[in-house]
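This report refers to the structure that appears directly beneath it.
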Amino acid sequence: MLDVKLLRNQFDEVKEKLAQRNEDISALDTFSDLDEKRRQTIQEVEELKSRRNKVSQEISQMKRDKKDASSVIEEMQQVSTEIKKLDDQLREVDEELNHLLLRIPNIPHESAPIGADEEDNEEIRKWGDIRSFSFEKKAHWDLATDLDILDFERASKVTGSRFVFYKGLGARLERALINFMMDLHEDKHGYTEVMPPYMVNRDSMTGTGQLPKFEEDAFKIREEDYFLIPTAEVPVTNMHRDEIMPIENLPTAYTAYSACFRSEAGSAGRDTRGLIRQHQFNKVELVRFVKPEDSYEQLELLTSQAEKVLQLLELPYRVLNMCTGDLGFTAAKKYDIEVWIPSNETYREISSCSNFESFQARRANIRFKRDKKAKAEYVHTLNGSGLAIGRTVAAILENYQQEDGTIEIPEVLRPYMGGKDTISK
RNA sequence: GGAGAAGUACCCAAGUGGCUGAAGGGGCGCCCCUGCUAAGGGUGUAGGUCGCGUGAGCGGCGCGAGGGUUCAAAUCCCUCCUUCUCCGCCA
């Protein structure tokens, strides 16, 4: 959510910046009228309430003095009726304004390149050497099916499309990656481990920005107003919803493993094979609550910590600075980390590291105080995948495949794989 | 899932229609006394947010949340949420 005061005082500048996004912001034009009407109504109704409070005191005094107050009471009846009417109006305007504000995306940071879509994302660095194969390389779903470590067919029988069974060393690899990443972030990068609920309520989904605009992307629990989490970002960020965090706790850094659930509405037919796009996948997430003045420095740190995982796994990747048209709804700045997927002969997103500035904090009401007397300010929130596990498995299978169809296990994972160095039949 | 009880400021807690922004403790700040410590006395302090105003300030809201009754609600009514106790079910 944007700062109403900013919107009020610098409407044209804000609108101009929002126009750099690839989104329809025409609804914004009603803002000024709504804001004006709201403030006017508040003034009217508060004046009446002030009067009512004053006269109520007088009535109570008259009652105590055993004087007749009936004429004043009669007058106040009318005032109260008027108050009720104005309160209703105010509620309506508030609702409209809120509806509008919750659907306005974040303002892009000036360092985000201006552009329309993914074509305009800026590659800022590359790491690792892309392997050239001396034999016919295979896609990860073929490798995995041959090795009997992934079973897509049975998963679609048991559930449906875009689900998978991991089996044997496949399941072990997935679990090894989770533990390896969690250990790295906890022991080397100083994060506190969190295991969150996999379902959250509507307020939480609104707090991090998945709602109200993107409800069709989430799985909804039928009997409750709960949603399956699309990422651990939602429960972990909302841990501190409606809180004032002690300044000495900033930055607060959490890492959380969770399963993630996405309806993938609108991506029918894309990445139908393999692990790239599933309705349920595992992810290790990094979340940081920081002071506003630190947030861009913290974004670099967070991104480097996600990159570290790929470096240790020795998987080639590149980092993109996402352009204004491809930032998504909530981010002011976002780096995507893309890992090399040989079968695609391209890089594919494996992590997304974002600075939301105060956009989520304002929605979720997460604040801090510089000292006891100071006014509460909104924190800045950041998060990033560190990393998406399924896509990491895909990258490992493809990048570490050998001519005989077996998979060499990256060295850092071997302690987590019972000392094995190869996945074979 | 059933039956009961409760939710008041940083914490505990009083308060069944007007004199309650809310008694009383604790805590916290300052002062005094006791050469230290323990203890004692005095005194001060109560959140957040919205609107108006350049500002000092003025005003609205606020007793779990949201509605309602009333001239007036912490107090009466309705809905919801959370916590606790008992019962049932259960990994």
Side-chain angles (χ1 to χ4, degrees), chain A residues 1-11 31-102 195-207 211-212 221-227 235 238-249 258-259 358 361-379:
Chain A
M1 197 148 67
L2 299 184
D3 181 359
V4 175
K5 287 193 180 111
L6 183 74
L7 212 46
R8 186 183 297 154
N9 298 330
Q10 299 176 41
F11 184 81
F31 170 79
S32 299
D33 284 349
L34 285 172
D35 183 51
E36 186 58 40
K37 179 152 191 230
R38 171 171 175 272
R39 288 191 290 164
Q40 203 183 319
T41 312
I42 285 175
Q43 262 175 272
E44 282 177 42
V45 75
E46 288 193 352
E47 204 172 304
L48 289 177
K49 282 179 179 175
S50 174
R51 180 144 162 254
R52 182 177 69 183
N53 287 344
K54 217 169 281 167
V55 177
S56 282
Q57 297 287 313
E58 287 166 24
I59 291 172
S60 120
Q61 186 62 47
M62 287 165 88
K63 294 262 188 192
R64 263 175 280 134
D65 296 347
K66 308 266 193 252
K67 285 186 193 152
D68 176 36
S70 56
S71 72
V72 197
I73 287 177
E74 203 173 305
E75 193 199 332
M76 280 303 103
Q77 280 173 347
Q78 286 179 20
V79 172
S80 258
T81 310
E82 184 65 16
I83 287 174
K84 203 160 286 176
K85 205 180 93 193
L86 288 171
D87 264 343
D88 285 345
Q89 279 179 24
L90 184 59
R91 204 173 308 158
E92 231 168 86
V93 175
D94 265 338
E95 224 164 84
E96 262 182 84
L97 195 58
N98 218 10
H99 179 95
L100 173 67
L101 288 172
L102 285 174
M195 274 204 181
Y198 286 7
M199 295 181 204
V200 294
N201 59 30
R202 185 170 289 272
D203 284 346
S204 294
M205 289 288 274
T206 306
L211 295 182
I221 305 300
R222 199 178 291 279
E223 311 72 24
E224 302 271 355
D225 205 14
Y226 293 166
F227 298 83
N238 279 281
M239 274 173 80
H240 292 294
R241 174 150 52 82
D242 294 321
E243 288 183 14
I244 296 178
M245 302 177 74
I247 189 168
E248 61 270 20
N249 289 5
S258 86
S358 59
R362 190 170 275 109
R363 289 174 159 248
N365 192 28
I366 307 168
R367 295 174 296 171
F368 76 104
K369 279 185 176 183
R370 294 191 188 271
D371 58 73
K372 220 181 154 196
K373 294 260 167 157
K375 197 173 151 61
E377 300 171 54
Y378 290 109
V379 301

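The chains referred to below are lettered A, B, ... by the order of the sequence lines, with proteins before strands, and numbering in each begins at 1.
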(message) If we ignore hydrogens and angles and just use 3.5 Å, is the side chain of A:S50 paired with the main-chain N or O of A:E46 as donor and acceptor?
(response) no
(request) Spell out, as yes or no, whether a donor-acceptor pair under 3.5 Å connects the side chain of A:D65 to the backbone of A:K67. (result) no
(message) Taking OH in A:Y198 as the centre, count heavy atoms belonging to other residues, nucleotides or ligands within less than 6.0 Å. Is the count above 12?
(response) yes
(request) Please indicate whether A:E47 has more than 12 foreign heavy atoms, meaning atoms of other residues, nucleotides or ligands, lying under 6.0 Å from its CD. (result) no
Between [M] and [N] - [atom1] atom distance, rounded Å:
| N | M | atom1 | result |
| --- | --- | --- | --- |
| B:G25 | B:A14 | P | 15 Å |
| B:C28 | B:U82 | P | 35 Å |
| B:G62 | B:C50 | C1' | 12 Å |
| B:G15 | B:A9 | C1' | 15 Å |
| B:C30 | B:C52 | P | 39 Å |
| B:G48 | B:U8 | C1' | 16 Å |
| B:G47 | B:C58 | P | 15 Å |
| B:U75 | B:G7 | C1' | 15 Å |

Choosing from [options], which nucleotide comes nearest the side chain of [X]?
| X | options | answer |
| --- | --- | --- |
| A:R52 | B:A72, B:C50, B:G48 | B:A72 |
| A:R367 | B:G51, B:U49, B:G47 | B:U49 |
| A:M76 | B:C71, B:G51, B:G60 | B:C71 |
| A:K369 | B:G51, B:G48, B:C61 | B:G48 |

Side-chain N or O of [X] closer than 4.0 Å to phosphate OP1/OP2 of [N]:
| X | N | answer |
| --- | --- | --- |
| A:R38 | B:G60 | no |
| A:Q77 | B:C71 | yes |
| A:N53 | B:A72 | no |
| A:S80 | B:U70 | no |

Taking atom [atom2] of [N] as reference, at what distance in whole Å does atom [atom1] of [X] sit?
| X | N | atom1 | atom2 | value |
| --- | --- | --- | --- | --- |
| A:E224 | B:G1 | CD | P | 8 Å |
| A:L48 | B:C52 | CG | C1' | 15 Å |
| A:R202 | B:C80 | CZ | C1' | 15 Å |
| A:K54 | B:C58 | NZ | P | 12 Å |
| A:E58 | B:C71 | CD | C1' | 12 Å |
| A:E46 | B:G62 | CD | P | 11 Å |
| A:K5 | B:G53 | NZ | C1' | 13 Å |
| A:L97 | B:C50 | CG | P | 13 Å |

(request) Using Watson-Crick or G-U wobble pairs with both distances under 3.5 Å, give me RNA chain B in dot-bracket, 5' to 3', with [ ] for crossers and | for pairs to another strand. (result) ((((((((.[[[..)..(.....]]].(((((.......)))))...(((((....)))))..[[[[[..)....]]]]])))))))....
(message) Both A:A376 and A:E47 contact RNA chain B. Taking the nearest nucleotide for each, which residue is further toward the 5' end?
(response) A:A376
(request) Assign a letter to each nucleotide of nucleotides 15-22 of chain B from its 5' end: B, base within under 4.0 Å of a protein heavy atom; S, sugar-phosphate only; -, no contact. (result) ---BB---
(message) Taking side chain to side chain contact (heavy atoms under 4.5 Å, CB included) as the definition, give me every residue that meets it alongside A:D94, ordered by chain and number, with sequence neighbours left out.
(response) A:R38, A:L90
(message) I want to verify the glycosidic state of B:G29; is it syn or anti under the 90° rule?
(response) anti
Partners of [X] by salt bridge (Lys or Arg N to Asp or Glu O under 4.0 Å), sequence neighbours excluded?
| X | result |
| --- | --- |
| A:R39 | A:D35, A:E36 |
| A:D87 | A:K49 |
| A:D68 | none |

Would you please name every residue forming a side-chain hydrogen bond (donor to acceptor under 3.5 Å, both in side chains) with [X], sequence neighbours left out?
| X | answer |
| --- | --- |
| A:S71 | none |
| A:E243 | A:H240 |
| A:T41 | none |
| A:N365 | A:D242, A:R367 |

Contacts table for residues 74-86 of chain A: side-chain donor-acceptor under 3.5 angstrom, sequence neighbours left out:
| residue | atom | partner | partner atom | Å |
| --- | --- | --- | --- | --- |
| A:E75 | OE2 | A:R51 | NH2 | 2.4 |
| A:T81 | OG1 | A:Q77 | O | 2.8 |

(message) Hydrogens and angles aside, do A:S56 and A:R52 bring a side-chain donor and acceptor to less than 3.5 Å of each other?
(response) no
(request) Using a cut-off of strictly less than 4.0 Å between a heavy atom of the residue and any atom of RNA chain B, enumerate the qualifying residues of residues 81-95 of chain A by number. (result) A:K84, A:R91
